[in-house]
Amino acid sequence: MARVYDTIFFGDSLVPAVDAHLSVVSAAVLYGLSVYTVFTLNIAKDGTRLAFRLSDHYKRLVHSAKIIGIDTFSNTWSEERFLQAIKSLVEANAPTENVMVRVTVHVSELIPGTRARGLTSTLSAFVYSSAPVLPPLGARLKTSVWRRIPDYCIPARAKVNGAYINSILAKQDAIDCNYDDCIILDNNGHVCELSAANIFIVRDGNLITPSPDHDILEGITRRTILEIARDLDIPTFERTVDLTELYIADEIFASGTSIGATPVIEVDARPVASGSIGPITLKIRERFQSILLGTSDKYRHLVTII
Ligand code: PMP
């Protein structure tokens with residue numbers, strides 16, 4: 001069950017969650033015309049709150065807005081203003097558990113028609129906690145009957161709300177078939193990602209993940225995992241991945257803000273190797289956890305104390 005904390009940043013102030021409203025005739029509601037990002041806020045051993053890669057999340061939001069043509073965000077929201085808003089939100093809610101923060105730029109203009117430029121936008125941010133979206137000990141995946149929307153239709157590298165209908169169709173199909181999540185293929189039948197997570201496979205000691213030209217979201221966890229692997233001297237490859245490579249992979253894991261690095265133990269009724277977390281996944285996951293909790297000096301710059 002998800003828990004949304006009581007105070008929400010909306011527009012330019014903090015308001016009770018029940019008062020953060022968008023009109024039903026806004027472009028955000030009519031067309032799903034909003035872009036967003038989600039980052040984690042973890043409690044370190046000494047009780048400080050650490051936001052993960054805040055600056056990168058801000059940049060991705062700016063890039064998403066730019067791709068879609070929402071030009072009233074970066075003009076009015078500098079990174080400094082963004083940071084101040086997040087700080088005030090976190091201080092107002094004072095979470096004492098590990099949580100996530102979702103920040104959305106909604107196009108709040110009323111009945112603008114099907115366009116994006118020059119329209120009023122409203123930023124919202126809220127803190128929430130939720131149960132893991134994948135089983136932490138190992139997820140079972142099914143190849144989806146739905147394909148990822150290609151870059152030339154709705155760009156996956158823009159995290160745009162309306163595009164998530166594609167993920168919802170794919171995830172629901174997996175759930176209906178008694179799987180935890182899905183493998184979405186791109187338009188050419190190559191492996192893309194899960195419904196809302198990137199995918200990695202291990203073959204003969206090499207770490208492999210689909211390259212950005214396969215219509216993936218360029219995940220911030222994905223990028224961190226590639227950095228970790230290089231530091232651990234694990235050879236990394238961003239390339240085309242065929243579905244059948246998943247069937248014979250030594251290890252598979254999914255990556256994302258809400259799941260960290262979660263092992264995959266089955267794909268299309270085929271067990272992945274031993275059916276439990278593999279050694280490379282484990283190594284990477286441990287290093288990733290230490291980064292989130294600020295215990296790794298080398299990566300200290302990736303977290304912001306709030
Ligand atoms: N792909 C999709 C479609 C997603 O929604 C997400 C979650 N944001 C990811 C990948 C993972 O991205 P990140 O590591 O930035 O959370």
Side-chain angles (χ1 to χ4, degrees), residues 2 22 26-39 57 60-70 100 102-107 114-116 124 128 130 132-134 139-201 209-223 238 240-243 246 252-259 262 264 267-268:
L22 283 171
S26 64
V29 175
L30 290 176
Y31 307 119
L33 187 57
S34 304
V35 291
Y36 79 99
T37 196
V38 180
F39 61 86
H57 280 279
R60 186 166 69 185
L61 207 49
V62 168
H63 288 166
S64 293
K66 185 174 182 186
I67 290 170
I68 302 303
I70 301 170
M100 284 175 285
R102 183 171 178 126
V103 188
T104 309
V105 180
H106 311 271
V107 176
T114 47
R115 62 196 180 94
S124 77
Y128 70 105
S130 79
V133 293
L134 289 179
R140 298 173 51 252
L141 308 182
K142 164 197 184 288
T143 303
S144 181
V145 295
W146 300 93
R147 295 282 173 98
R148 181 55 90 213
I149 311 168
D151 189 65
Y152 53 80
C153 291
I154 301 181
R157 64 169 58 78
K159 210 162 159 50
V160 54
N161 289 32
Y164 274 80
I165 298 299
N166 184 231
S167 292
I168 290 167
L169 285 166
K171 173 109 182 184
Q172 188 61 55
D173 167 52
I175 294 169
D176 290 346
C177 297
N178 291 317
Y179 283 85
D180 299 310
D181 207 317
C182 57
I183 304 285
I184 302 188
L185 305 178
D186 68 15
N187 220 15
N188 296 315
H190 299 302
V191 174
C192 179
E193 56 187 342
L194 278 71
S195 63
N198 293 113
I199 188 162
F200 286 85
I201 65 173
T209 191
S211 45
D213 55 341
H214 288 284
D215 299 318
I216 63 166
L217 177 79
E218 295 175 357
I220 291 173
T221 318
R222 173 186 180 278
R223 188 193 315 169
E238 295 178 74
T240 300
V241 175
D242 286 330
L243 175 62
L246 304 190
I252 304 180
F253 64 91
S255 77
T257 296
S258 58
I259 57 162
T262 294
V264 172
V267 177
D268 295 339

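For reference, positions follow the sequence shown, starting with 1.
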Participant: Any salt bridge (charged side-chain N to carboxylate O under 4.0 Å, His left out) pairs touching residues 176-190, not counting sequence neighbours?
Facilitator: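 Qualifying pairs: Lys171-Asp181.
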
Participant: Could you note down all residue pairs passing salt bridge (charged side-chain N to carboxylate O under 4.0 Å, His left out) where residues 212-221 supplies at least one of them, sequence neighbours left out?
Facilitator: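 Non-adjacent pairs meeting salt bridge (charged side-chain N to carboxylate O under 4.0 Å, His left out): Arg157-Glu218.
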
Participant: Measure across Val145 and Asp173 and return the closest heavy-atom pair with its distance rounded to 0.1 Å.
Facilitator: N-OD2, 3.4 Å

Participant: Cation-pi check, Arg102 to Tyr36: give yes when NZ or CZ is under 6.0 Å from the six-membered ring centre and within 45° of the ring axis, no otherwise.
Facilitator: yes

Participant: Measuring from atom CD1 of Ile165 to atom CD1 of Ile149, what distance do you get when rounded to the nearest 0.5 angstrom?
Facilitator: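 Ile165 atom CD1 to Ile149 atom CD1 measures 9.0 Å (nearest 0.5 Å).
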
Participant: Any side-chain heavy atom of Asn166 within less than 4.5 Å of one from Ile154?
Facilitator: no

Participant: Heavy atoms only: give me the nearest Thr257-His57 pair and the separation to one decimal.
Facilitator: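 Closest pair (atom of Thr257, atom of His57, distance): OG1-CE1, 4.2 Å.
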
Participant: Can you say whether the rings of His214 and His190 are parallel (under 30°), tilted (30 to 60°) or perpendicular (over 60°)?
Facilitator: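 The arrangement is perpendicular - the two ring planes meet at more than 60°.
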
Participant: Please name the pair of heavy atoms, one in Cys192 and one in Ile199, separated by the smallest distance, quoted to 0.1 Å.
Facilitator: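 Smallest heavy-atom distance, with atoms named: O-CG2, 4.0 Å.
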
Participant: Could you check whether any side-chain heavy atom of Lys159 comes within less than 4.5 Å of a side-chain heavy atom of Val35, counting everything from C-beta outward?
Facilitator: no

Participant: Once side-chain hydrogen bond (donor to acceptor under 3.5 Å, both in side chains) is applied, do any residues pair with Asn161, and if so which ones, sequence neighbours excluded?
Facilitator: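 None.
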
Participant: Are Leu33 and Ile68 side-chain neighbours, meaning at least one heavy-atom pair lies under 4.5 Å?
Facilitator: yes

Participant: How far apart are the C-alpha atoms of Thr221 and Asn198, what are their side-chain angles, what is the distance that settles it, and do they pass the side chain to side chain contact (heavy atoms under 4.5 Å, CB included) test?
Facilitator: CA-CA 8 Å; Thr221 318; Asn198 293 113; over 6 Å; no

Participant: Checking Ser167 side chain against Ser195 main chain: does a donor-acceptor pair fall under 3.5 Å?
Facilitator: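 Present.
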
Participant: Please round to the nearest 0.5 Å and tell me the distance separating atom SG of Cys153 and atom CZ of Arg148.
Facilitator: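 Taking SG in Cys153 and CZ in Arg148, the distance rounds to 12.5 Å.
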
Participant: What's the separation between atom CZ in Arg223 and atom OG in Ser255, rounded to the nearest 0.5 Å?
Facilitator: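 Arg223 CZ to Ser255 OG: 12.0 Å, rounded to 0.5 Å.
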
Participant: As an exercise, state the distance from NE2 of His106 to OG of Ser124, rounded to the nearest 0.5 Å.
Facilitator: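 Those atoms lie 3.0 Å apart.
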
Participant: Could you tell me whether the side chain of Val38 reaches within less than 4.5 Å of the side chain of Tyr128, counting heavy atoms only?
Facilitator: yes

Participant: In chain order, what residues pass the side chain to side chain contact (heavy atoms under 4.5 Å, CB included) check against Ala170, with sequence neighbours excluded?
Facilitator: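 Ala170 satisfies side chain to side chain contact (heavy atoms under 4.5 Å, CB included) with Ser144, Trp146, Cys182, Ile184 only.
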
Participant: Can you name the nearest heavy-atom pair linking Ile67 to Pro155, along with the distance?
Facilitator: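 Minimum heavy-atom separation between Ile67 and Pro155: CG2-CG, 3.4 Å.
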
Participant: Find the distance between CD1 (Ile252) and CZ (Phe200) and round it off to the nearest 0.5 Å.
Facilitator: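 Rounded to the nearest 0.5 Å, the CD1-CZ separation comes to 13.0 Å.
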
Participant: Quick check: do Glu238 and Arg222 have side-chain heavy atoms less than 4.5 Å from each other?
Facilitator: yes

Participant: Thr143 side chain to Ile183 main-chain N or O, any donor-acceptor pair under 3.5 Å?
Facilitator: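 Such a contact is absent between Thr143 side chain and Ile183 backbone.
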
Participant: Which residues satisfy the salt bridge (Lys or Arg N to Asp or Glu O under 4.0 Å) test with Arg60, sequence neighbours excluded?
Facilitator: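 Result, salt bridge (Lys or Arg N to Asp or Glu O under 4.0 Å) vs Arg60: none returned.
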
Participant: What's the spacing between Lys142 NZ and Ile175 CD1 if we round to 0.5 Å?
Facilitator: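 So the NZ of Lys142 and the CD1 of Ile175 are separated by 11.5 Å.
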
Participant: Sequence neighbours excluded, which residues qualify as side chain to side chain contact (heavy atoms under 4.5 Å, CB included) partners of Ala197?
Facilitator: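 Here the qualifying residues are Leu194, Ala254, Ile259.
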
